[in-house]
Amino acid sequence: MNQNASEAILLAIESSCDETSAAVLRGDVVLSNVIATQAVHQQYGGVVPELASRAHQSNIVPVVHEALTKAGVSIRDLTAIGVTQGPGLMGSLHVGVSFAKSLSLALQVPLIGVNHMQAHIMAHFIRQSEAFEIPKLPLLCLTVSGGHTQLVLVDEHLQMKIIGSTIDDAAGEAFDKAAKVLGLPYPGGPQVDALAESGDPTRFVFAKPKRNGLNYSFSGLKTSLLYFLRDEIKKDAGFIEKERIHVCASYRKAIVDYLLIVMRDAIHQYPVQSLALAGGVSANKELRRRFLALGEEMAIPSFIPDFEYCTDNAAMIGIAAWYQWQKKEWADLSMTPQPALKW
Ligand code: KG4
Ligand code: ZN
């Protein structure tokens with residue numbers, strides 16, 4: 001770390017999907033992390049891109065203002081500005097990127113374009129307290145969000161290799177789609193998780209997904225749930241009402257079993273110093289418990305970010321930007337949002 005890095009003050013902006021967020025960091029310490037969730041999508045059962053970008057437009061100035069105020073930082077103190085460049089929704093990314101560009105131009109400070117999926121993993125390197133020990137490298141991270149399911153090997157900060165990923169739906173989508181057919185409101189993942197806590201995970205058995213190296217596929221599992229419900233409802237129209245919590249528990253177990261069985265294979269193939277979970281689905285209670293148990297069984301230190309850093313947030317963009325800033329990985333003002341950004 002160069003001498004000034006721990007004193008650098010970064011403003012970070014996240015607007016890739018339906019959360020408008022701004023954070024201020026001093027070095028790798030988060031001073032503020034403000035997240036405005038857009039309730040407007042609830043009535044449509046999913047994110048409506050056009051409404052998301054409009055909501056970002058009205059949220060962005062007050063959210064940035066609140067993040068600076070909470071951090072006790074003036075806009076003139078900023079060393080650099082980090083912003084999500086992709087992946088995400090074009091109209092949503094545009095709002096954050098345009099705002100960050102304008103601010104960087106006005107303040108004459110560097111602009112840093114951040115990959116949202118890398119940032120979910122970088123959230124593990126936020127220093128949460130003086131005594132906090134950041135994970136040792138190499139690290140194996142299971143990133144599970146609404147759009148991605150990936151096993152990522154991190155050799156160096158920002159040096160990441162995807163060693164497995166889903167060939168169809170993401171784990172978050174598998175939860176959200178189940179919630180929809182079970183008549184639960186959007187976003188469904190947390191609802192399925194909450195109901196599953198009081199259900200019996202062994203009551204129903206769903207088709208085990210076919211193994212495909214370190215890759216995932218969730219479409220078979222989802223179809224298995226759909227056919228199962230269709231058949232049961234034919235026999236008893238009140239089936240979902242009566243058995244909802246047990247269906248949630250059994251389906252959640254099937255997803256978590258599958259996520260961790262493939263992760264276990266990856267651990268055998270790649271000796272690592274730490275294990276990590278990232279992305280919105282890492283808020284899932286069963287996944288958290290079983291992931292920590294796996295780490296204990298394999299005697300590898302395991303890390304899950306604090307809840308506020310699991311789902312979309314700007315603090316994770318800030319920590320990624322801080323590492324990029326030190327390497328002078330700066331963007332110029334011709335930078336554009338990249339909805340399908342890869343690394
Ligand atoms: O990372 P994230 O906040 O946004 C994306 O970049 O996609 O992940 C959102 C996903 C949604 O599918 C949501 O239903 C799921 O994470 N999720 C959960 C839980 N909390 C959020 N899925 C299962 N159990 C949860 N507790
Ligand atoms: Zn995300």
Side-chain angles (χ1 to χ4, degrees), residues 12-21 23 33 35-38 41-42 45-47 49 52 83-89 92-93 96 114-124 141-150 152 165-166 169-182 184-197 199 201 218 221-222 225 248-249 251-260 276-291 304-320 339-341 343:
I13 293 164
E14 153 66 27
S15 71
S16 65
C17 189
D18 61 340
E19 253 102 30
T20 319
S21 180
N33 183 35
I35 305 170
T37 302
Q38 305 177 354
H41 307 289
Q42 239 158 27
V47 177
V83 64
T84 309
Q85 188 181 5
L89 300 169
S92 292
L93 291 166
V114 173
N115 180 306
H116 179 94
M117 297 312 297
Q118 285 201 342
H120 268 301
I121 299 172
M122 292 303 291
H124 288 94
C141 185
L142 172 63
T143 307
V144 270
S145 73
H148 295 80
T149 301
Q150 299 173 333
V152 180
S165 63
T166 180
D169 290 350
E173 271 174 294
F175 273 112
D176 294 340
K177 286 180 180 166
K180 211 167 192 170
V181 294
L182 289 168
L184 300 170
Y186 172 87
Q191 310 267 348
V192 172
D193 189 27
L195 291 176
E197 285 294 286
F218 286 95
L221 195 56
K222 184 187 69 187
L225 173 72
C248 287
Y251 186 73
R252 180 179 72 167
K253 178 180 183 307
I255 293 181
V256 172
D257 282 352
Y258 180 44
L259 285 171
L260 294 183
L277 267 190
V281 184
S282 54
N284 187 275
K285 295 190 187 67
E286 178 71 358
L287 180 60
R288 293 168 88 91
R289 289 191 285 263
R290 301 261 309 277
F291 165 78
I304 309 175
D306 272 4
F307 185 78
E308 68 170 317
Y309 305 135
C310 284
T311 46
D312 289 350
N313 68 88
M316 69 183 196
I317 304 301
I319 188 75
L341 185 65
W343 77 75

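Start at 1 and go down the list; that is how both ligands and their atoms are numbered.
- The shortest N/O to N/O separation between C310 and ligand 1 does not fall below 3.5 Å.
- For the Zn ion (ligand 2), the N/O/S atoms of H116 include one lying under 2.8 Å.
- Two residues are said to be in side-chain contact when any heavy atoms from C-beta on lie closer than 4.5 Å; D193 and V281 fail this criterion.
- The residue from G146, A178, G280 that puts a heavy atom closest to atom 5 (C) of ligand 1 is G146.
- Each of the atoms 6 (O) of ligand 1 lies under 4.0 Å from some heavy atom of H116.
- Remark: ligand 1 and E19 share no N or O pair separated by less than 3.5 Å (distance only, no angle test).
- For the pair K285 and R252, the minimum side-chain heavy-atom distance is below 4.5 Å.
- For atom 23 (C) of ligand 1, the nearest non-hydrogen atom from the set I255, N284, D176 comes from N284.
- Regarding atom 22 (N) of ligand 1, its nearest protein heavy-atom neighbour is G189 CA, 3.5 Å.
- No more than 12 heavy atoms of other residues, nucleotides or ligands sit less than 6.0 Å from atom NZ of K180.
- Proximity of H148 to ligand 1, defined as any heavy-atom pair under 4.0 Å, is not found for any part of the residue.
- When side chains are defined from C-beta on, L259 counts as touching T149, because their heavy atoms get closer than 4.5 Å.
- Residue contacts to the Zn ion (ligand 2): H120 brings an N, O or S atom closer than 2.8 Å.
- Which parts of ligand 1 touch G172 is read off a 4.0 Å heavy-atom cut-off, strictly below it: atoms 12 (O).
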**Study point:** side-chain contact (heavy atoms from CB on, under 4.5 Å) between S21 and N33, worked out
**Key:** CA-CA 7 Å; S21 180; N33 183 35; 3.7 Å; yes
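- In this structure a side-chain-to-backbone donor-acceptor pair under 3.5 Å is missing from H120 to M117.
- Using modelled atom types, one side-chain atom of N313 and one backbone atom of A315 make a donor-acceptor pair closer than 3.5 Å.
- Checked against a 3.5 angstrom limit, the closest N/O atoms of K285 and ligand 1 fall outside it.
- In this structure the side chain of V114 never reaches within 4.5 angstrom of the side chain of E14, judged on heavy atoms.
- Atom 15 (C) of ligand 1 has its closest protein heavy atom at V281 CG2, 3.8 Å.
- Sorting the N, O or S atoms of D312 by how far they are from the Zn ion (ligand 2) puts OD1 first.
- Here the side chain of S92 pairs a donor or acceptor atom with the backbone of C17 at under 3.5 angstrom.
- For the atom pair CG of L341 and OG of S16, the computed distance is 11.0 Å after rounding to the nearest 0.5 Å.
- Close contacts between ligand 1 and G147 involve ligand atoms 7 (O) [criterion: under 4.0 Å to a heavy atom].
- Contacts between D193 and ligand 1 below 4.0 angstrom, taking non-hydrogen atoms only, involve the side chain exclusively.
- Under a 4.0 angstrom heavy-atom cut-off, R252 registers as lying outside contact with ligand 1.
- Near T311, with a cut-off below 4.0 Å to any heavy atom, the atoms of ligand 1 are 3 (O).
- Of all protein heavy atoms, the one lying nearest to atom 2 (P) of ligand 1 is D312 OD1, 3.5 Å.
- Between the NZ atom in K177 and the CG atom in L221 there is a gap of 12.0 Å [rounded to 0.5 Å].
- Within the structure, ligand 1 lacks C17 among the residues with a heavy atom less than 4.0 angstrom away.
- A donor-acceptor distance shorter than 3.5 angstrom exists from the side chain of Y251 to the backbone of A174, with no hydrogens or angles considered.
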